[in-house]
Amino acid sequence: MAQVRVTVDGVNYADDVEPRMLLVQYLRERLGKTGTLIGCDTSNCGACTVSLNGQSVKSCSVLAVQADGTEVTTIEGLARDGQLHPVQSAFNECHGLQCGYCTPGMIMAAVDLLGDNPDPDEHEVREGIEGNLCRCTGYQNIVRSVQRAAQLMKPGASVPTETPAPVAGGN
Amino acid sequence: MTTTAEPTALEFGKARTRKEDARLITGRTRFTDSITPTGTVFLHVVRSPIAHATITGIDKSAAEASPGVFGVYTAADLGAEGIGLPHVWPLTPNEKAPQRPLLAIDTVHFAGEGIAVVLARSAAEARDAADLVEADYEPLAPVLDMEAAVADGADLVHPSLETNVSDVWVFDAGAAGTGGDVDEAITAAEADPDSVVVRRRFRQQRLIPAFMEPRSAVVDPTGEQIVMYSATQVPHVLRTMTTATLGIPESKLRVIAPDVGGGFGGKLSVTPEELLCVVVAQKLGKPVKWTETRSESLLAAHHGRDQIQDITITAKKDGTVTGLDVRLLADMGAYLELVGPGVPVLGAFMFNAIYKIPAYKFTCTTVLTTKTPTGAYRGAGRPEATFAIERIMDELAVELGRDPLELRKQNWITHEEFPFTTVVGLTYDSGNYEQATDKAVELFDYAGLRREQEERRRNGDKVQLGIGISTFTEMCGLAPSRVLGSLGYGAGGWEAASVRMLATGKVEVVTGASGHGQGHETAFSQIVADQLGVPFEDVEILHGDTQISPKGLDTYGSRSLVVGGIAIVKATEKVVAKAKKIAAHMLEASEEDIEFNAGQFTVRGTGQGKAIQEIAWAAFTGHDYPADMEPSLDSDAVYDPENFSYPHGTHLAAIEVDTETGHVDLRHYVCVDDIGTVVNPLIAEGQVHGGLAQGIAQALFEEANYDEQGTLVNGTFVDYTLPSAADLPSFTTATVETPATSNPLGVKGVGEAGTIASTPAIVNGVIDAIRHLGVREVEMPCTSQRVWRAIQDAQGKATRETPIDTHSPGAGLGSIDPNNPQGEVQ
Amino acid sequence: MIPSQFDYVKPASVDEAVQALVQAGEDAKILAGGQSLLPVLRLRLAAPSVVIDLGGIPELRTISDDGDRIAIGAMAPHHDVLRDDLVKQHVALLAQATSTVADPQVRHRGTLGGALAHADPAGDLGAVALALEAEFVIAGTSGTRTVTAADFFVDYFTTAIGEGEILTQVRFPKYTGWTSHYEKFNRTAQAWSMCAVAAALRIDGGTIAEARIGLTNMGTTPIRATGVEQALVGQSATADAVRAAAEHATEGTAAPSDADAAADYREHLARVLTGRAVLAAAG
């Protein structure tokens, strides 16, 4: 067993884990953070993408012990004070998801991309999310969503979303 | 009493954002693998690494002694040798159908077939113990090539069947009386100097559905009903078939499809793992969970396509098509999947497509091989048919020196000719191929691109331009139950719905269509909002749980809206009829004088009225209602369509081929689809995008291959190459609308259109780009190497194809050498 | 999905790491960024008894100007390398090639040293290190030694790093003022290079004064295309001259054959892509 101390979505945890435990298993099985999903075993699909100390990583390719001393944000910690993150709103507004399985990872990758490049063109968006596979959307509306989020995140941008989806409750 | 906001404009046709997104974008989801009842035991399947072998021994002792292990079981240990997985689509009474056991008994028939299960306290411990199961095999000859498999003296997959041919299914328009005899047409064309005969062989490579959520099942036997959660697209079919197969009363099993992460036909199955979970959960009396890894999924979940198509088309030299003969070999894999043989046969009715073809014959031979079984994959039979006809129309155009679009126009059913009964006897109710094509041609700038193509050819540009055309139709809304019955399918094609008017005027709608990403909740809510005149937000769609939605036939074949949606409409009509009676009673008017509009029941010619919510309350209180009815508005409906629906469209692709490297670049894609009326354009467009991506992926990227030993070489996402965002362009999509006349909404279905149409558009475009170099065919997927080699071959530069070492680094697993896994890794 | 059991050690210094490695014996694996190692462990293609994580040694992540060289710590993540000003200014080819490695998430974790020590011939950075004549600093029980790139890559997944040794730093000579290009060809954006060419040129008065060409996935190791280099020197970078020089690209290669590309096709690609890389480098 090895010890891991980690802050996940604002909560501090200290746990003993098997060294072989992957960060994604730790999040899902130990912390109940089932919003982060597993789609492959070769780190191709990106469904498990989370933010580790502010950088997007595939949590299937990080050992839980490697996250010791770090701060992790998952899809479940993205909305703040009941307000969706602009990337989340934009995915809803632009129909950037269908089955929703790639969505947590896709959103986390998009958040990272926009942190690096606040105004990406279509090509840059496509390159920026190439580590995340989606089987439903053909990516077009995901690209639109990311570009829409970039608009929403511009300093001073008003956020006129049509129907702000509730963070909790609702459908 | 509650009345809510007045509904305003019609919901139908509105680009509503999806109500189901709120959970999916915040991680508040409930996929099967996220459900773990306390005390859950984890199941791991030990799989054969060998395609075809006799099992000579299984030593479980080390595995049984491994920490946390409850048991290691073979089929014999479970007493399950007699249980065969369901197969519900026998083609003919002569079909040879090997029984598929839950776990291989004496012989394994494909690499990936389970031979034992390990049950342990954690998934990790189950996996650890599985490594300790020692199985000995005596290898048998793998059967991999369909043509060799059907030849005399072939090695047999199942020797007891004495053949690898499972069945031969024929549709002969001449014999059926729906058209002419194609043999006569071919003979006549061969003898006629004013006719041509074009023969081509096309190969539909094997594909893997590759839904993003791996399959998973959790079975909890601790209540009165056994509860099964499964990542399935067919909870109702799963319930019925599980109970029928295992001899459990249907009333003792509840199946829940919670959030399901895509299916695409790949979750239209009843799997050995689901049944094993039930059997073992009953044995242990504890919840049992199985979740596959991606590599397991690629290996063992059913595959799709895999056909060899021999197509003969005859035509007059003026371009009039006179006959079409289709001969298929369809690879079923080692066993017949739930609907396996039905897939190629669904295509039988679509090879004639949008064309007036007077003579037609379809012959399909289903073949057993030692590969993963094949089953439904998006489009199921219709993409294969559309590919063949659209490819050969291009070939015919070349043969005749005609523009491929003009040739199509000459042969297609004109809009004045609808309804039109085709050579297979189906009646297309509506459509307008001219309209869709004209719009696509304009959006695409067909003439401009043809000019550019000409110019590039003239200049001998390194990068050549091709234009790919696909004018397709499909049969959707599976399906009229009688038709399915006549095709040998074991169930019907109806769909069920219930509408419950709650006391406060809110509405619960139960549907048997089990969505898994399509946006049912939103689209169905829009329909119900209009039908009942209630706000969109007041409608709750319930589905995917046989306890809530006891009756249904689930989601596949673009049927949810066209069949399930119409069932909902029928149920709402009954609600309105009941409400009208109560309204008349409350308003002291005759029922005939009550008008219903936008949620208000009014007495004709007066301002007097009642909102539907008020009537719901009245029905709830039951204080005062007509004597001849029950105090309830709730209504059920089961809708069985009379005909399929026939979406169609014109898809055009501008393809650039780098003739130096063979690299294919999809520069521009335009599609104009007629999917009838559109409930929600945002959702419909999303369905088209996703469909296009999958169809394009067949044309360019994806392929499941086996090596000579019968091992799947595309066993991870490193080797089974799904396109990422960086591999696809944005598409230009548009719709035209000729409403379906076969249903009250005029809808036709959209789930499969993009996939069915796009594959031939891409391949036609690739070949069009390099045809002037002498290329006639490029097999799918059109990888750079295949394209380059086709160009070399066409120019007489014989290439030396060196033998492939599929295990060479750079070829495979994350470029990891499986033969040398201990190599330096840092 | 779940690796086999292993013990985990996270040393705080290179010395500790070497000690741990010696103690653990040949059954140990070094964990750098883990972006190749973890998939291998998850698929259980390897089952080390001990994993030694270099993530606790901060000095292995630094990138510094070392006079005539840029010294990059073995644990510097791709993400840092590709946007480092020193690297961009003096070893631009490395920055560009690194930007083509995998995807953003993998570049956040994956490291220069890890990728090079993994020595996958389909990996993108080996050809760059070889062409640019990088030096590899390797630490062992008896101190450090330096190995040239030409000696570093030995075979498939095999380098000059010996038992009980750890790669700590990669030192690139400065190519200030050179022009360069990495031309990558793959089946899909996620796929490993089917073939790729790293090219760096020093152009003087319209003539190629020096050239460095490395090939990815054309043999069991990265390959230096010296024939092309020699043919380019003294030429002006015209399409014809470059194409003629690129004909030498396959000299000394031993192209693998796989489902995506048989050897003859790879050889053809190597020639075409070499031409393109050089022309792109020449601007």
Side-chain angles (χ1 to χ4, degrees), chain A residues 18 20-21 25 28-29 33-45 47 74-76 78-79 84 88-89 91-93 95 97-104 107 122-123 125-143 162-163 165-168 170-171, chain B residues 16-31 33-34 36 124 209-214 259-264 291 293-295 516-519 521 540 682-683 685-694 696 716-718 722-728 730-731 754 813-814:
Chain A
E18 281 189 332
R20 65 165 162 173
M21 180 174 256
Q25 293 174 289
R28 288 175 55 80
E29 296 167 19
K33 293 275 178 188
T34 50
T36 300
L37 302 167
I38 301 171
C40 76
D41 39 20
T42 46
S43 65
N44 286 86
C45 83
T74 77
I75 187 72
E76 296 177 52
L78 207 53
L84 291 176
Q88 291 172 310
S89 311
F91 268 68
N92 173 242
E93 185 186 332
H95 191 28
L97 64 150
Q98 289 179 30
C99 82
Y101 201 81
C102 76
T103 308
I107 287 177
E122 177 177 342
H123 177 75
V125 173
R126 288 182 179 275
E127 296 279 322
I129 58 170
E130 71 172 303
N132 295 71
L133 295 174
C134 168
R135 193 60 157 167
C136 293
T137 64
Y139 302 104
Q140 186 155 332
N141 285 342
I142 293 179
V143 174
E162 189 197 333
T163 41
V167 174
N171 182 57
Chain B
R16 274 246 177 225
T17 59
R18 300 196 322 170
K19 50 164 70 176
E20 46 271 70
D21 289 357
R23 296 186 310 102
L24 299 171
I25 58 177
T26 53
R28 192 162 46 82
T29 50
R30 206 166 186 240
F31 292 97
D33 187 47
S34 302
T36 313
F211 32 76
M212 287 315 298
E213 179 206 16
D259 288 329
V260 176
F264 316 111
T291 299
T293 63
R294 177 56 60 183
S295 17
H516 41 285
Q518 295 87 346
E521 288 92 331
E540 196 71 24
L682 191 66
I683 291 176
E685 189 189 4
Q687 287 291 313
V688 172
H689 290 163
L692 292 177
Q694 282 180 18
I696 292 166
T716 71
F717 271 168
V718 175
L722 301 188
S724 74
D727 298 301
L728 293 170
S730 283
F731 314 113
L813 223 45

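Quick note on labels: first sequence line is chain A, next is B, and so on, each numbered from 1.
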Quiz prompt | Side chain, backbone, both or neither of B:D33 within contact of chain A (heavy atoms, under 4.5 Å) | solution = both
Quiz item: Contact part of A:T103 toward chain B, heavy-atom cut-off under 4.5 Å: side chain, backbone, both or neither?
Solution: side chain
Quiz prompt | Side chain / backbone / both / neither for A:Y101 at chain B, heavy atoms under 4.5 Å | solution = both
Quiz item: Just by distance, do the side chain of B:S34 and the backbone of B:R30 share a donor-acceptor pair under 3.5 Å?
Solution: no
Quiz item: Highest number of heavy-atom pairs under 4.5 Å with chain A: which of B:A693, B:A124, B:G519, B:G263?
Solution: B:A124
Exercise. Answer with side chain, backbone, both or neither: which region of B:F717 has an atom nearer than 4.5 Å to a non-hydrogen atom of chain A?
Key: both
Quiz item: Who among A:T36, A:T34, A:N44 has the most heavy-atom pairs with chain B under 4.5 Å?
Solution: A:N44
Quiz item: Who among B:S724, B:A726, B:G690 has the most heavy-atom pairs with chain A under 4.5 Å?
Solution: B:S724
Self-check item: Which portion of A:Q25 sits near chain B, non-hydrogen atoms under 4.5 angstrom
Solution: neither
Self-check item: Side chain A:D41, main chain B:S295, donor-acceptor under 3.5 Å
Solution: yes
Exercise. Identify which part of A:L78 has an atom lying under 4.5 Å from any heavy atom of chain B, answering side chain, backbone, both or neither.
Key: neither
Quiz item: Is A:E130 salt-bridged to A:R126, cutoff N-O under 4.0 Å?
Solution: no
Quiz item: Under the criterion side-chain contact (heavy atoms from CB on, under 4.5 Å), which of B:Q687, B:H516, B:Q518, B:E20 is the partner of A:Q98?
Solution: B:Q687
Quiz item: Taking every heavy-atom pair that is under 4.5 Å apart, which of B:T29, B:L692, B:V260, B:I683 has the most such pairs with chain A?
Solution: B:I683
Quiz item: So, the side chain of B:R294 versus the backbone of B:M212: is there a donor-acceptor pair under 3.5 Å, distance only?
Solution: yes
Quiz prompt | A:L97, part contacting chain B, at a heavy-atom distance under 4.5 Å | solution = both
Quiz item: Quick one: of B:G261, B:S730, B:G27, B:G754, who has the most non-hydrogen atom pairs under 4.5 Å with chain A?
Solution: B:S730
